[in-house]
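Worksheet for the structure shown next.
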Number of protein chains: 2
Amino acid sequence: MPRPTLEQVAQRAGVSRATVSRVVNDSPTVAESIRTAVRRAIDELGYVPNQAARSLVTQRTDSYALILPESPSRVFSDDQFFPGIIRGVSQELDSADKQLVLMVAGSQASHDRIERYALARHIDGVLIASMHGADPLPGTLARMGIPVLCGGRPLGQTRVPYVEVDNVNGGRMAVRHLLETGRTRIATIAGPQDMVAGIDRLTGYREELRGSDRRSIVAVGDFTRDSGAVAMRQLLEDDPDLDAVFVASDLMAHGALQALQAAGRRVPDDVAVIGFDDIALARYTEPPLSTVRQPIVGQGREMARQLLRLAAGEAIADSVILPTELVIRGTT
Amino acid sequence: MPRPTLEQVAQRAGVSRATVSRVVNDSPTVAESIRTAVRRAIDELGYVPNQAARSLVTQRTDSYALILPESPSRVFSDDQFFPGIIRGVSQELDSADKQLVLMVAGSQASHDRIERYALARHIDGVLIASMHGADPLPGTLARMGIPVLCGGRPLGQTRVPYVEVDNVNGGRMAVRHLLETGRTRIATIAGPQDMVAGIDRLTGYREELRGSDRRSIVAVGDFTRDSGAVAMRQLLEDDPDLDAVFVASDLMAHGALQALQAAGRRVPDDVAVIGFDDIALARYTEPPLSTVRQPIVGQGREMARQLLRLAAGEAIADSVILPTELVIRGTT
DNA sequence: CTGAAAGCGCTTACAG
DNA sequence: CTGAAAGCGCTTACAG
């Protein structure tokens, strides 16, 4: 049973294909009576436009890519950052009736494949989040005239609009709270230093500490739980008397928490812990994790909103910064 | 800068469009020298085929849908089942150079929209997982001639091929182990009874218990952590002396674990717990969770493999059942 | 407000 | 082995 075409709808309604096309695309210049007749024919036949044929002439595909330059095992792990971003993006795209194309690019090969795909104009616009280093991709695509928007400030001199979360202030709030509650040896487990979230949260830690007379004690992880545990053990070795740690992600904080307890430290009595993210897990650690909440789903939504505006030819802000918020639970 | 077309490649290589098309599609009937010349022209121009134009004539899109009839907040939550399936499916599709279209259909409206989308032949085949009740969707699509494959045995009389995990035996193994280690009052927290995974795991529990002289003690959750905690409290009220519980998902088991501890029960001394899934979290609960491992990513991969065969016109098995495995950790 | 016609960029019998 | 030509199903100036 082949699907009905515009042609068949036109015949049934007794009009031309052009008129059916106008009705389908909500053109205002169609007489009401004809519009009704065409609508009925569409319903009776169960007509749905062929997207390929439409794309061929409009040069648009009505689909947008979300590129995550990470390995699939990372994106589809228990790190709640990725599903949060995906969810926010797909919410906005759905309600604009646009298709989301998710591209996970762990290797250089897949990275290249995605660039070719985008350049081939299979998509109307591109969102890139979780970038590492000074990724040339956003700049390359933007220069070819493809609407591009980044999740997180791009490193390097790329000038592409972005939606960011206030990482620096998040770090500052966490450290300030630790200082105010009398902690004196405040360490940090930073995120990867090739990612802006890793860099900026460490900056916030450093800036806030600089105002006090405390020295900084730093270890670096890669946002995974295991790396948090490893870093925590290292910090305890570096300074067995530390009494607080600001951890740049909740998953790393979970690892750190377990490393602390394995080392016989009581939390929060001996050591206070503050994470970053406020994923669901934070409410279920033992004790529940104090953390800096960032609006992950909200960032995804805002990214999609801005990109849709950009693709529609509207002027948008160079950057949107979403606020972070300190959430106090049981580890401080 | 408009993208180059077949026409331009043909001109540059001094051949017809048909010949370029043959080279692009690896037709064997092209002279080697011409093939080389065309390849060079393609490289020089950076030619990439226009997928819309190609689809229009081939009537294929080279993309496949994965339909998850769940709300987005469920799919993109910390339930590791969904990312696992997505990851497996996208691995196989990627390596076959097919595009994955992810469709999350929480509401009836989105469910209908997806049906229309599929019927409009925007995709070459459909995968459906996490079905509730006797969903008519697989049958409807299959009857229209669209290749369909289900993740999990479809309920009702739908006859569509599926890839399933051995839920019944998983439940049996868990209960058998509890019996063998001397537990006498073995309860279960079942999954939702409109889903085959919920039904079959409960069946396994019942079947294994039937062989003993123990009676069954049942509560039902919906696979979320909170529902596990609620069900556990209810079970403790029903039978304060229970000494073991088989929980139909790890996330529910996590909730149950916390409810048990909040009620002053020691695990595993007072009460043994076995979950189902073996998600990453299982290694990080306190104590680490004994569980029935199901190959989630493997199920996704197998689903995609079977669907690709089906879409290629090959004959495939009515069903593939993947084995489950008992993993003993600290809660038994 | 409506229709005839051109054209989007490909693939694929059909000849040769 | 290669090319001329038809056609996939739409949209959109252009006339009227």
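We use all heavy atoms of the structure for the numbers below, so side chains are in, but hydrogens, waters and symmetry mates are not. Each chain gets a letter, A, B and so on, in the order its sequence line appears, and its residues count up from 1. None of these values were measured; they are calculated from a predicted model.
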Checklist entry - Any side-chain heavy atom of A:M131 sitting closer than 4.5 Å to one from A:P138? => result yes
Item to check | A:S16 side chain to A:T19 side chain, donor-acceptor N/O pair below 3.5 angstrom | outcome: yes
Checklist entry - Do you know which two heavy atoms are closest between B:L6 and B:S21, and how far apart they sit? => result CD2-N, 4.0 Å
Item to check | A:R301/A:D94 ion pair, N-O < 4.0 Å | outcome: no
Next on the checklist: When you compare the side chain of A:D97 with that of A:D62, does any pair of heavy atoms fall below 4.5 Å?
Outcome noted: no
Next on the checklist: Return whichever of B:R22 or B:A52 has its heavy-atom-nearest nucleotide of DNA chain C closer to the 5' end.
Outcome noted: B:A52
Checklist entry - Do A:K98 and A:L307 pass the side-chain contact (heavy atoms from CB on, under 4.5 Å) test, and can you show the C-alpha distance, the side-chain angles, and the key distance before you say yes or no? => result CA-CA 12 Å; A:K98 305 297 183 190; A:L307 180 63; over 6 Å; no
Checklist entry - What nucleic acid atoms does A:T29 come within less than 4.0 Å of, heavy atoms only: base, sugar-phosphate, or nothing? => result base
Next on the checklist: Run A:V320 and A:Q306 through side-chain contact (heavy atoms from CB on, under 4.5 Å) and show every step you take.
Outcome noted: CA-CA 9 Å; A:V320 174; A:Q306 295 288 92; 3.5 Å; yes
Checklist entry - Want to settle it: does A:Y47 or B:A31 sit nearer the 5' end of DNA chain D, counting the closest nucleotide to each? => result B:A31
Checklist outcome for this item: Of B:V57 and B:G14, the one whose nearest nucleotide on DNA chain D sits closer to the 5' end is B:G14
Next on the checklist: Under a 4.0 Å threshold between the charged nitrogen and the carboxylate oxygen, would A:D135 count as salt-bridged to A:R153?
Outcome noted: no
Checklist entry - Counting any heavy atom closer than 4.0 Å, what does A:V15 reach on the DNA or RNA strands: base, sugar-phosphate only, or nothing? => result sugar-phosphate
Item to check | Nucleotides bounding contact with chain B, strand DNA chain C, heavy-atom threshold 4.0 Å | outcome: C:dG9 to C:dA13
Next on the checklist: Let me check I have this right: for DNA chain D, each base becomes ., (, ), [, ] or |, based on Watson-Crick or G-U pairs with both distances under 3.5 Å. What is the full string?
Outcome noted: |||.||||||||.|||
Item to check | Toward the 5' end of DNA chain C, by each residue's nearest nucleotide, B:T19 or A:I34 | outcome: A:I34
